[in-house]
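Below is one structure, written out as structure tokens; comments come after it.
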Amino acid sequence: MTKPKLFIARKLRDVVEARAARDYEVILNPEDRLFSREALIATCRAVDAVLPCHSERFDAGVIAELGPRLKIIANHSVGTDHVDLAAAKAAGIVVTNTPDVLSDATAEIAMLCMLGAARRGAEGDAMIRAGKWDFWSPAFMVGRQVTGKRFGVLGMGRVGQVTADRARGFGMEVHYHNRRRLPDHLEKGAVFHDTLEGLLAVSDVLSLHCPSTPQNAGIINAVTLAQLPQRAILVNTARGGLVDEAALVAALTSGQLFAAGLDVFQTEPGGNPALAALPNVFLLPHIGSATEETRDAMGFRALDNLDAFFAGAEPGDRVA
Ligand code: DGY
């Protein structure tokens, strides 16, 4: 039987690529280059399936050009904001994602961002590297302790829930806002707020875990930042589009916010130079799920979805 033809748009781990090559006729990207829009379309038109990351944009214009052969977009990401799901559905293209398997890794990065922001990790690191650590006193590099503070989770899905567990481990009190209140066994004593305003008012640390949808674009802005307690900390490991970065720069500069820990930005790769210029921002380059274990699991999960699809079954993680 001929194997389905699969385009794997970015370099994946060897074990994942080996399994893909066993079961599919694969087009790989060994140089890990970012395909132009035109090259992405041309390559996808010649295959039955594509396995992209969030770095490949499948907007309505791209989807309209994909032609009749491509049947499935099996994402190597939990986020699907880079794919126009409605356009894919209309074109009869199945779309899947990779939930669950990256929750632990992303929760770890959220904690790193929180602690890096609260304890001035970027400033301390930069000072030593620049050879400028020439002073110590009890008044030196004093940060904010997270123990006993209120940890606000915006979006209590899988990643939000695991991140809340980690925050509990730091002795924090968990609050959340979500479309739906969770059942007791998932809520684990966290305080539900049925409005965003209610959550913001009590979040000493606010951690973003909601999907990046058009409705959520810029949900953290000058108005909502002003509703946080004075000297709160913002953590974003979800998507840069959730935050109005100009408003964030203003709140960090005025001291209204104590600090921010950010793994995601409106412009990626690259980030925001105005944020990078501030001492009270701890920055990472979108590496929430970047562990060996999780990268393997994401790759295998995307392949599981493809295998199900080509076996004529419903892929477990179908989102369109
Ligand atoms: C995800 O899975 O959405 C991560 O951000 C990596 O793409």
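One-based numbering, in listed order, for ligands and for the atoms of each.
Applying the salt bridge (Lys or Arg N to Asp or Glu O under 4.0 Å) test between R19 and each of D304, D14, D296 identifies D304 as the sole match.
Close approach of ligand 1 to G79 (heavy-atom distance below 4.0 Å) involves ligand atoms 1 (C), 2 (O), 3 (O). The ligand atoms of ligand 1 that sit less than 4.0 angstrom from a heavy atom of S77 are 1 (C), 2 (O), 3 (O), 7 (O). When each atom of ligand 1 is checked for a heavy atom of H286 under 4.0 Å away, the hits are 4 (C), 5 (O), 6 (C).
Between H54 and H286, the two ring planes are parallel [angle under 30°; tilted spans 30° to 60°]. Between Y176 and F192, the ring planes are tilted. Angles from 30° to 60° get that label.
Regarding atom 7 (O) of ligand 1, its nearest protein heavy-atom neighbour is H54 ND1, 2.7 Å. Protein heavy atom closest to atom 3 (O) of ligand 1, with residue, atom name and distance, is R239 NH2, 2.7 Å. Among all non-hydrogen protein atoms, the one lying nearest atom 2 (O) of ligand 1 is V78 N, 2.7 Å.
At least one heavy atom of S289 sits closer than 4.0 Å to an atom of ligand 1.
Legend: residues meeting salt bridge (Lys or Arg N to Asp or Glu O under 4.0 Å) with D84, ordered by chain and number and at least two apart, are absent.
Of all the heavy atoms of L102, the ones lying under 4.0 Å from any atom of ligand 1 belong exclusively to the side chain.
Judged purely by distance below 3.5 Å, without hydrogens or angles, the side chains of N97 and N75 never pair a donor atom with an acceptor atom.
Salt-bridge formation is not detected for the pair D48/K71: no Lys NZ or Arg NE/NH1/NH2 atom is positioned less than 4.0 Å from an Asp or Glu carboxylate oxygen.
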